[in-house]
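Chain A is the first sequence line, chain B the second, and so forth, proteins listed ahead of strands; every chain is numbered from 1.
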2 protein chains.
Amino acid sequence: MSQRHGEPPSPASSGIGHTCTAREVLDRVGGKWSIAIIIEASRRPVRFTELERTVEGISRRMLALTLRNLERDGLLTRTVHPTVPPRVEYTATEIARELYEALVTLTGWAERHRAAVAAAREAYDRRQGDRRC
Amino acid sequence: MSQRHGEPPSPASSGIGHTCTAREVLDRVGGKWSIAIIIEASRRPVRFTELERTVEGISRRMLALTLRNLERDGLLTRTVHPTVPPRVEYTATEIARELYEALVTLTGWAERHRAAVAAAREAYDRRQGDRRC
DNA sequence: CTGGATCCGCTTGGATACTG
DNA sequence: CAGTATCCAAGCGGATCCAG
C-alpha cells in the first residue's frame, strides 16, 4: 500500500470517478470477512471468541487482522473491560451500520439475478466443455 | 473453484443469509478491475485495446481474464465481427447495468463518509505511531 | 487486433505455538 | 480470553512470448 487515500483529483463524471469511489469502498469491505463481521457487530456488541465461532471458517489471524482494519477505518469500536479474564467487545459504529444499509441494495441485486447468473455460467461452461472434448 | 453456486441452504434472517448473498456478489465484482470494466462497457460497446488504454494499470492478462469471467456470469456480451483485423466488442448486459445502479448506493456511502474514515484512519495511525516510537 | 500459455514474484491467508 | 509471531502453501497478478 504505497498510496495514501486522501482526496483524489476528482476526475468528475468520466466514469473514472465512480470507478475510484467504488474501488475505495470495495477495498475496505471487499475482504473475505469484513461484511460478516460488520453484520454481527451491527446486531450487538461481540467478543473475539464469539466472532471466532460465529463467523464460520475464519482463522484467528484473519479475525484479528480484519478487526484491526475495521477499527482503523472507524467502522468498529473496540472496548476493553479491565477485568480478569480480559473482556473485549467490538461494536459497529453508525457509519458501519449505514454501510450495511447500502449493502442491502447489493444483496437485493444478487437475489434478483442469482438464477440468471447461474444459468449464464452453466451455459458458458457447457459450451467450453464441448470445445475441449 | 470447487464449489458450485447453487441455491444455498437459505439460513434465513440470522444475518448469515445477508452475509452469504453479500459475499456472492462481492466475489463476482470484488476483483480489482471488474467494476471499471463494467462501468466502461455500460457506457458503450468497448473493444479490447480500448479497455487496455481506458482501464489504466490493467495488464493484458488480467483484462482477458476479467472479461472471460464477466462474460461467463452473463454480465458482458462478447461480439466478434469477422473482419480483418478482428474486431471484438464487449457490451454490458441489462443485469450488469442494474448492478452498476446498485453500486451507486455504495459510492454514495463512500462519498458521504470518506472524510470521516480518513480521519479515523489518521487518528489510529498516529496513536500507533506514538506507541511504536 | 485479440487473446492464450508460461514463468515467476508477491501477497493473502491458514495452522500453530506462544504471550499478557 | 484476547490476541501476537512465525512458518508455509496457494493463488493472484505482472511480464513476456506466441498464435489465429
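Although no hydrogens or angles enter the test, the distance criterion places no donor-acceptor pair under 3.5 Å between the side chain of A:Trp33 and the main chain of A:Ser59. For the pair B:Thr21 (side chain) and B:His18 (backbone), a donor-acceptor distance under 3.5 Å is present. Judged purely by atom type and a 3.5 angstrom limit, A:Arg97 uses its side chain to pair as donor or acceptor with the backbone of A:Ala92. With hydrogens and angles ignored, the 3.5 Å screen pairs a side-chain donor or acceptor of B:Thr93 with a backbone N or O of B:Gly74. In this structure, the side chain of B:Ser42 engages the main chain of B:Ile38 through a donor-acceptor pair within 3.5 Å.
Contact check, A:Arg47 against D:dC1: no side-chain N or O comes under 4.0 Å of OP1 or OP2. Considering only side-chain N and O atoms, B:Arg78 lies under 4.0 angstrom from the phosphate OP1 or OP2 of C:dG3. Residue A:Tyr90 has no polar side-chain atom (N or O) positioned under 4.0 Å from OP1 or OP2 of D:dC1.
The distance from atom CZ of A:Arg68 to atom C1' of D:dT4 is 10 Å, rounded to the nearest whole Å. One interatomic measurement links the two molecules: NZ of B:Lys32 to C1' of C:dT11, which rounds to 10 Å at whole-angstrom precision. Computed from coordinates, the A:Leu67 CG to D:dG3 C1' distance equals 10 Å when rounded to whole Å. Rounding to whole angstrom units, CG of residue A:Leu76 and P of D:dG3 are separated by 12 Å. Between B:Leu65 atom CG and D:dG13 atom P there is a gap of 9 Å when expressed in whole angstrom units. The nearest whole Å value for the distance from the CH2 atom in A:Trp33 to the P atom in C:dG13 is 9 Å. Spacing between atom CG of B:Asp27 and atom P of D:dC12 amounts to 11 Å, rounded to whole angstrom units.
Taken residue by residue, residues 50-63 of chain B places heavy atoms nearer than 4.0 Å to DNA chain D at B:Ser59, B:Arg61, B:Met62.
Sparse packing is recorded around CD of B:Glu122, with 12 or fewer heavy atoms of other residues, nucleotides or ligands lying under 6.0 Å away.
In this structure the side chain of A:Glu101 never reaches within 4.5 angstrom of the side chain of B:Trp109, judged on heavy atoms.
Positionally, the nearest nucleotide of DNA chain C for A:Gly31 lies more toward the 5' end than for the other of A:Pro86 and A:Gly31.
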